[in-house]
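For the numbers below, each heavy atom of this structure counts, side chains included, while hydrogens, waters and symmetry mates do not. It should be emphasised that the depicted structure is a prediction, and the values quoted were computed from it without experimental measurement. Residue numbering restarts at 1 for every chain, and letters A, B, ... go by the order of the sequence lines.
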Amino acid sequence: MSFTRLFARHPTSDLSAFIDGVLPDEQHAQVARHLTSCDACALELDSLRLVSDALRDLPEASAPRSFTLSPNMAAAGERPAPASAAGARSLHTLRLAGAAIAVVLAIVLVIDAGSGGDTATDEVTDASVEFDMSLAGGESAADGEGPAYGAPAPGALDSAEELAPVAPAPGATTTPDLSQNFNDYSGRSWGGDGESEATISPSADDEDGIDTLRVLEITLAIALTGIIVAAIALTMNRARRTE
Amino acid sequence: MDDSGLLRQAADGDLDAFNAIVERYQVRVYNLCLRMVGPAGAEDATQETFIRAWRALDRFRGDAFAPWLLRIAANACHDELRRRRARPAMSLGHAEEGDNPALDVPSSARSPDEEAQSSELRSAIEAALFALPEEQRLAVILCDIQGMDYAEIALVMSCSLGTVKSRTNRGRRRLRDLIQNAGELLPDRFRSMSDR
């Protein structure tokens, strides 16, 4: 045996495919060449071939009975899998909820768009109160672990203050201080979720309510995304169970 | 009438047409289920396969009906095995515990010695088959017992050709090792294999 062949890679993972004749021509030829000079692989090939032949020799069992379907078995409601029926109801509910949220989201977007350029300098002074009224419970569904709305989270104000150590300059009303807004919201209603708040509360000089629309949009979008993901997962699961 | 004609009629709700398909494929499906779950659950898995196929027939596309049907059968067997794992005391059949009895299959005319030897080998192989991991078992059954090519097996198992190749190879090697462990019970060719 040559030095090269001694250290050549043994094609053990290709031997079954070699037996079945499914290797590409060049690879088949390589394995065949290797087998002429490698006793270990040749023995391995023989043993796998014996196993394959023994399996092919297993006699075929006859069907113990007919498996044709009776009209009752074939009827749609005869043998519904309980989980499948429940899944269908869940999917229907998800579709309705998704459609409803999409409609509301579209309405909110239209209203928001109607507010024109004002959105860039929206008012936020009383926004936190409106959040409490409009979103109680809704955000917790999306977040899952946020504090109850309407009450400050323990320590939230402290942590916010650590993040916003610099106080706004007196009279600096044209350049909003996001850190200050963050503090305001964290202390009143948002708990630890100050980052997203800061991005939607750029100013303290404009009219009421517009930020509420923005938050509503985000919340509805998150809820809609969740429903779409759940519906897709449910559909895929039902398809797998059916087959 | 060929399969495609019957399938079109069955998809339109013709149960007789579908039952004609059942009669054509029931032996094949039953044998797959028999090798996958053993005699105890094979009938139920076979019946479940055809019920699921009837329900899903409107989603069947193309002309590869056998792989589609066997995929349903493989899933039915997987569900049956999963149920057994969930309730081991109730139904972990002898098949998966290693003392698998010879399956009740017809034998050809042979001499008593040949028949005894063949029966021992058959029992050893069947027991070894049930000791394989489920995916390797399915690949080996589809390839060597059902006679499918790798492309069809890939359709049944929803995997790539490379995965089929790997599972078939590992399944055969593991079967070889398990059969070698049964050494003394086996015919000469397998004993000599284990002596190498």
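- Your options are B/T46, B/V27, B/I145, and the one with the most heavy-atom pairs under 4.5 Å with chain A is B/T46.
- Classification of A/D46 and B/R176 as a salt-bridged pair fails, no side-chain N sitting under 4.0 Å from a carboxylate O.
- Shown here for B/K165 and A/S13, the closest heavy-atom pair between the two residues is CE-O, 3.6 Å.
- Shown here for B/N169 and A/L48, the closest heavy-atom pair between the two residues is OD1-CD1, 3.9 Å.
- Side-chain contact check for B/N19 and A/T68: no donor-acceptor pair (N or O, by modelled atom type) lies under 3.5 Å.
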(request) Let me see the working for B/R173 and A/T12 under side chain to side chain contact (heavy atoms under 4.5 Å, CB included), right down to the final yes or no. (result) CA-CA 10 Å; B/R173 293 178 69 185; A/T12 49; 4.1 Å; yes
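- The closest side-chain heavy-atom distance from A/L55 to B/L175 is below 4.5 Å.
- In this structure, chain A has a heavy atom under 4.5 Å from the side chain of B/Y150, while its backbone stays farther away.
- When all heavy atoms are compared, the tightest approach of B/L34 to A/A61 is CD2-CB, 3.6 Å.
- In this structure, CE on A/M73 lies 3.5 Å from CD on B/Q47, to the nearest 0.5 angstrom.
- Minimum heavy-atom separation, A/P59 to B/R35: O-NH2, 3.1 Å.
- Enclosure of atom CG in B/D12 by more than 12 non-hydrogen atoms of other residues, nucleotides or ligands within 6.0 angstrom is indicated.
- Once rounded to the nearest 0.5 Å, the distance linking CD of B/E43 with CZ of A/F67 reads 5.0 Å.
- Interface summary for chain B: among A/L15, A/I19, A/V22, the most heavy-atom pairs under 4.5 angstrom belong to A/V22.
- For the atom pair CG (B/D144) and CG (A/D53), the distance works out to 8.5 Å, reported to the nearest 0.5 Å.
- In this structure, CG on A/L69 lies 10.0 Å from CZ on B/R55, to the nearest 0.5 angstrom.
- The CZ atom of A/R65 sits 9.5 Å away from the OH atom of B/Y30 when rounded to the nearest 0.5 Å.
- Rounded to the nearest 0.5 angstrom, A/L50 CG and B/Q180 CD are separated by 10.0 Å.
- Considering every non-hydrogen atom in both B/L15 and A/A74, the closest pair reads CD1-CB, 3.6 Å.
- There is no contact between B/L161 and chain A, counting heavy-atom distances below 4.5 Å.
- Checking each of B/R170, B/R167, B/R172 against A/S16 for a side-chain hydrogen bond (donor to acceptor under 3.5 Å, both in side chains) leaves exactly one that passes, namely B/R172.
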